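One structure is given below, encoded as structure tokens.
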2 protein chains.
Amino acid sequence: MVTISDVAKLANVSTATVSRVLSNSGNVKKETTEKVLEAIQKLNYQPNILARQLRKLETKTILVVVPDITNTFFSKILRGIEHVAIENDYEVLLGDTGNNVERERVYLDILRQKKADGMILLTARLESHLLEEIASEFPVVLACEYLEGSTIPTVSIDNVSSARKATEYLINLGHRRIGFISGPLNVILSRDRLKGFRQAMAQHNIPIESFLVQEGDFSFESGYNMMMKFLALDQPPTAVFAANDEMAIGAIKAIKSKGLRVPDDISVVGFDDIQFASIYEPALTTISQPMFEIGKKAMELLIKLINKDQLEKNQYILRDRLIIRDTCKKYVEIGFKM
Amino acid sequence: MVTISDVAKLANVSTATVSRVLSNSGNVKKETTEKVLEAIQKLNYQPNILARQLRKLETKTILVVVPDITNTFFSKILRGIEHVAIENDYEVLLGDTGNNVERERVYLDILRQKKADGMILLTARLESHLLEEIASEFPVVLACEYLEGSTIPTVSIDNVSSARKATEYLINLGHRRIGFISGPLNVILSRDRLKGFRQAMAQHNIPIESFLVQEGDFSFESGYNMMMKFLALDQPPTAVFAANDEMAIGAIKAIKSKGLRVPDDISVVGFDDIQFASIYEPALTTISQPMFEIGKKAMELLIKLINKDQLEKNQYILRDRLIIRDTCKKYVEIGFKM
DNA sequence: GAGATTATTGTAATCGATTACATTTGAAAT
DNA sequence: ATTTCAAATGTAATCGATTACAATAATCTC
């Protein structure tokens, strides 16, 4: 392996000078610089990043912990993170937990061992004191998720208000029996969406039958299964709001499997606006999250934290939008569906 | 920051002893070990990985270069890679090129700078001599892609034979006018699939009209657009084979948009078997690649390379399968479609 | 041209671990 | 009690860069 002293020897200078040339620090004579560059070229020298990192005690790497990399929702966010990372000469270490809390814990150690300068969590199912603890010592940003009463910087949409918005849309279409398929209720974001649903229903004085709220796990299959439960009722809901698009599509599959149609017989709203939401038929009405933007913002915040810059605030709420496509329809009294 | 000498001081031993306890090298007295462990606990010490890496000149990190992380095909492979990586105490540095060749080049330097012990490429659009060069110096494995005449270890399916298999399936269903939507022809895997298509057609003495082969770019949109071209013909093909599932689904969208039905009017076959292939309606008939297995195998090979173990061979071909779902139908002379 | 000032380069410490080699300790053998 | 050997521990070099500080060279001022 070619090291800095090989270059120094060949160029007949000290390692310090080579290092100065490398870092462009400006105090090197033109001819010397050329000599050094020539030697570098000749030897095809590449500085050993490990040594540099050790000396500077920084890795120029950040860790992103993702619950499921095969979910396009998260990979879009990752794209946003990478975009800003590259601009700022950071690299991205990927930690996929496969929805396994244990694995989340393991990634905290990677940060502690200084293998990364900071961490973005797209999942936060660990006990909050563990997160608080590590966030007090290292730069940590939460994206999508947040911790109640915590000061860890967070980027997300307002899940409560967007769920309320989606629910209200259904209510305004005339629906009263609305089913809700929630995400796993141990994550706060699921609870927020449920809360938004409840708020909207309460605001319109519509009582919620407890059976019409079912807990899924964000998977296509769970959407299918929960919808099947609804369909087994004497009086199934006339509309269903699913806490993510996968479950919404699962629900539509279930509806179709019973020979019913979407939106004619039952309306469906999803959440996230993954790519497939617009491709699927019928195209899914859903809440669109600015995934790329969330990723970008999270990385921007993390860089500020790493540089010990002051943050203006520590909760950043981005705008979501209700995207109206083809899965919802006005509900008119039985016999008069239009 | 707590360092090894802090621990050594507190435990009243030398750093060497602490290090021995850390690495479990066995030659430390029981009581000493306990003293050290106690100190470690008390100080909440975590070894600085950078220092260890520098000393050992290894990073326990591998780099994976992906053309598009939002494509579930690649993220599934990534899952396989990560699975084996974790088992062997490796971490995964993610390099998403966003289908940009330039970005591919950049990632080679990360390897050169020893920021990773090896690299798995899921895309190989760079000039082959660059790849050969780096592969001669560092552990590199190609997955999905391969280089003609190269000795870089490769894991993939046999794209030629699987494309042939899919085409033959259509031919056996009675189709003669078969359209092919290829991937970008600057990647070898696309050329292989085209080759397989041609072979099957030739074997059955079916001439290929050049207009019936169109080059897409693996995106949903390009599938849609190319299919629109086919549909503009006086005599559109009765079946279409797309070189990946996204394009196949795009093609189906185009067919539906003209008021035609799949498979009744036109049959469609895809390639890859992404999750959405089975969810979409009609469920897509496609070639299934063992994505997780490809990832696993690639990582296993890379570890062997890193450990300088001998490989038995350097081309690993995994089995693919034709998954028959609902997008193909027998073709009977006009007027007698069944 | 002497002295002051600035530009350029070199020397050596440093980052935090690992490890070859040296030393000490303790037990067994005689 | 002395010698021998193995086990346990310590000392210091090492990995390859960066950088504080020191030293030298070049330039300017009068």
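Order of the sequence lines sets the chain letters (A, B, ...), proteins ahead of strands, with each chain counted from 1. Since the structure is predicted, the reported quantities are computational estimates derived from the model, not experimental observations. Atom set for the values below is all heavy atoms of this structure, side chains included, hydrogens, waters and symmetry mates excluded.
Remark: side-chain polar atoms of A:Glu104 are paired, donor with acceptor, to backbone N or O of A:Arg125 under 3.5 angstrom.
Side chain to side chain, B:Thr154 and B:Ser156 fail the donor-acceptor criterion of an N or O pair below 3.5 Å. No side-chain donor from either of B:Asn159 and B:Arg191 sits under 3.5 Å from a side-chain acceptor of the other.
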Distances under 3.5 Å only, N/O to N/O: pair up the protein atoms with those of nucleotides 17-20 of chain D.
| residue | atom | partner | partner atom | Å |
| --- | --- | --- | --- | --- |
| D:dA17 | OP1 | A:Tyr45 | OH | 2.7 |
| D:dA17 | OP1 | A:Asn48 | N | 2.8 |
| D:dA17 | OP2 | A:Ile4 | N | 2.2 |
| D:dA17 | O5' | A:Tyr45 | OH | 3.3 |
| D:dT18 | OP1 | A:Arg52 | NE | 2.9 |
| D:dT18 | OP1 | A:Arg52 | NH2 | 3.3 |
| D:dT18 | OP2 | A:Ser19 | OG | 2.5 |
| D:dT18 | O2 | A:Arg55 | NH1 | 2.3 |

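Atom CG of A:Asn27 and atom P of D:dA25 are 18 Å apart (whole Å). Straight-line distance from the NZ atom of B:Lys30 to the C1' atom of C:dG26: 18 Å, rounded to whole Å. As a whole-Å value, the separation of B:Met1 CE from C:dG16 P is 7 Å. B:Glu31 has its CD atom 13 Å from the C1' atom of C:dT25, to the nearest Å. Between the CD atom of A:Glu58 and the C1' atom of D:dG16 there is a distance of 16 Å, given to the nearest Å. Distance A:Lys114 NZ to C:dG16 C1': 12 Å, rounded to the nearest Å.
Contact between A:Val13 and A:Lys35 at its shortest, heavy atoms only, is CG1-NZ, 4.2 Å.
Under the 6.0 Å distance and 45° angle rule, A:Lys76 does not count as a cation-pi partner of A:Phe73.
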### Query
Does the salt bridge (charged side-chain N to carboxylate O under 4.0 Å, His left out) test come out yes or no for B:Glu82 and B:Arg79, once each step is laid out?
CA-CA 5 Å; B:Glu82 262 214 325; B:Arg79 267 274 176 88; 5.6 Å; no
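The residue B:Leu54 sits close to a base: some heavy atom pair falls under 4.0 Å.
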